[in-house]
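We name chains A, B, ... by the order of the sequence lines, and we start the count at 1 in each one.
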Amino acid sequence: MQVFKYDTRANVNYMVEVFAVASGKGGTGKTTSTLALGMALATEYDVTVIDTDTGMANMLFHTGLSDSETTLHEVLAGQAAVEDAIYERFGMDVIPCGTSLAGFREADPRRLREVVATVAEGTDVILLDSAATLGTRSAVLPIVLADRVVIVLQPTVPSISDGLKVQEYAKTYGTDVAGILFNRVTEDENIDTVARKAQRYFDGETLSKVPESETVRAARRASKPLLAHAAESEAAGAYREAAGKLTVRDADSTAVADRFRNAVIPDES
Amino acid sequence: MNLPQGELLRRRVLEDVGTVLRTAFERELTGYARLESQDTLLLDADGVGVLTFEDGIPVAAYHTGSDAAGTEAVTDIGSTGPYRLELYELDEEITEQIHDDESLQIPPALPARQLSGETELVDQIRERAPETWQETTSDTSLDAVEQFLDDEQKVEAIRDHARSEAQSRADEWQFPTDQT
């Protein structure tokens, strides 16, 4: 069990911003990106990453937490407190999600706002690793709850098309776009031209262009985030560049927590 | 592009064109994939995208909604998913006739590269494709992703559609929006 480190700070206002890391399509490297941005931001901020892809969770495999007994599933099922699902890893607080179908079935997405509200009281930056779909309420919820969204794109037509959809969903729900991050970029692509042309349609800047790399796959096999496995790799450098462009906005953490608690989320699951 | 129906091998709804390309490649399919958009409100979505294959290697593309051929058709196919896929096998003599039409031809790895982003599949297709089919400089300069991004009307149609979908789902899911 983890020690809940936030209770002593409960009455103090801290600054916090919540980012959803999203793409409308799978395979873009959202989890790799979430953890890389998290680790890069953790050199300056107190960072919490949450795997909110409750249907196809995989953060636990990237962080060596696949044996965790308590995850977001148990918290969303009302069977565990948030603090029991927080693991201090790689300089961040990590809230992984389980992968069982039963866990997914029992998880009540409405509880996510309370999870984020609780975490918001004691951290500077929250990164929500979102689902690769816009098809269900629970998949879209992290985008609704976040202050800003980081859109992860591969330089392919379907990925950019789906990224545009993510942006429009975010804006419709009052969530700003922090920027776009091109991932898995190969030498074939005229990435500078593609990024420049894509930029016209997206709010926020192009945060970085992360190269496709065997190092990323090796990190995943080693159950480590990229920045822990190969901190000096080109891809790691590209993520640090992206994190450097994410100027975290000040917001009163008590107000943020209240916003999540009061978020209008439907009663039926 | 006029195609006889051929023998139906597979029919399913899918989101990722990469699955089609992988399946055709692994089966060494000579025939075609018929990709019908399930997103009926999108521009050109009433049409059907067709990708043809020879021994699992993509050769030609056509889109009936936009009447686009070749690389341009790949762009249209890429921006209109999810799809109802039908995979058909054809006799080689029939595909050869279609593949002789240069306006329909595409660089073999183009769909994998620009629709799926699966680098392993891209490499496999390049490795297996005959040398004479490989991409030329002029092929890569006519990039499907760039073509898509240059088509402001298509991009705006996708954005408009996503906005109205997000709004109607907000009502359905009882999410707060900027408009409510």
Discussion item. Counting only heavy atoms not in B:Glu156 (residues, nucleotides, ligands), do more than 12 fall under 6.0 Å from its CD?
Written reply: yes
Practice prompt. Rounded to the nearest 0.5 Å, what's the gap from CD on A:Gln154 to CD on B:Glu118? Could you check?
Written response: 8.5 Å
Discussion item. Let me confirm one number: the CZ-OG distance from B:Arg159 to A:Ser161, rounded to the nearest 0.5 Å.
Written reply: 12.0 Å
Fill in: Gap between atom CZ of B:Arg169 and atom OG1 of A:Thr172 - 0.5 Å precision
12.0 Å
Discussion item. So for A:Thr136, is it side chain, backbone, both, or neither that comes closer than 4.5 Å to the heavy atoms of chain B?
Written reply: backbone
Worksheet item: Which atom names give the shortest non-hydrogen contact between A:Tyr201 and B:Val155, and what distance separates them?
Response: CD2-CG1, 3.4 Å
Worksheet entry | Closest contact, heavy atoms only, A:Ile160 versus B:Phe148 | CG2-CE2, 3.9 Å
Discussion item. For a quick check under 3.5 Å, do A:Glu212 and B:Thr119 share a side-chain donor-acceptor pair by atom type?
Written reply: yes
Fill in: B:Arg163 versus A:Tyr169, side-chain donor and acceptor atoms under 3.5 Å
no
Fill in: A:Pro158 portion near chain B, given a 4.5 angstrom heavy-atom threshold
both
Discussion item. Is B:Asp160 in contact with chain A via its backbone, its side chain, both, or neither, using a 4.5 Å heavy-atom distance?
Written reply: neither
Worksheet item: How long is the span from the CD atom in A:Glu168 to the CD1 atom in B:Ile158, to the nearest 0.5 Å?
Response: 10.5 Å
Practice prompt. Provide the closest heavy-atom pair for B:Ala170 versus A:Tyr173 in the form atom of the first, atom of the second, distance.
Written response: CB-CE2, 3.4 Å
Response to the item:
CD (B:Glu146) and OG1 (A:Thr193) are apart, to the nearest 0.5 Å, by 5.0 Å
Worksheet entry | Euclidean distance, B:Glu152 CD relative to A:Lys197 NZ, rounded to 0.5 Å | 11.0 Å
Worksheet item: Is any side-chain heavy atom of A:Thr156 less than 4.5 Å from a side-chain heavy atom of B:Leu115?
Response: no
Discussion item. For the CD atom on A:Glu214, are there more than 12 heavy atoms of other groups (residues, nucleotides or ligands in this structure) within a distance under 6.0 Å?
Written reply: yes
Discussion item. For B:Ala162 versus A:Lys165, what's the shortest heavy-atom pair and its separation?
Written reply: CB-CA, 3.8 Å
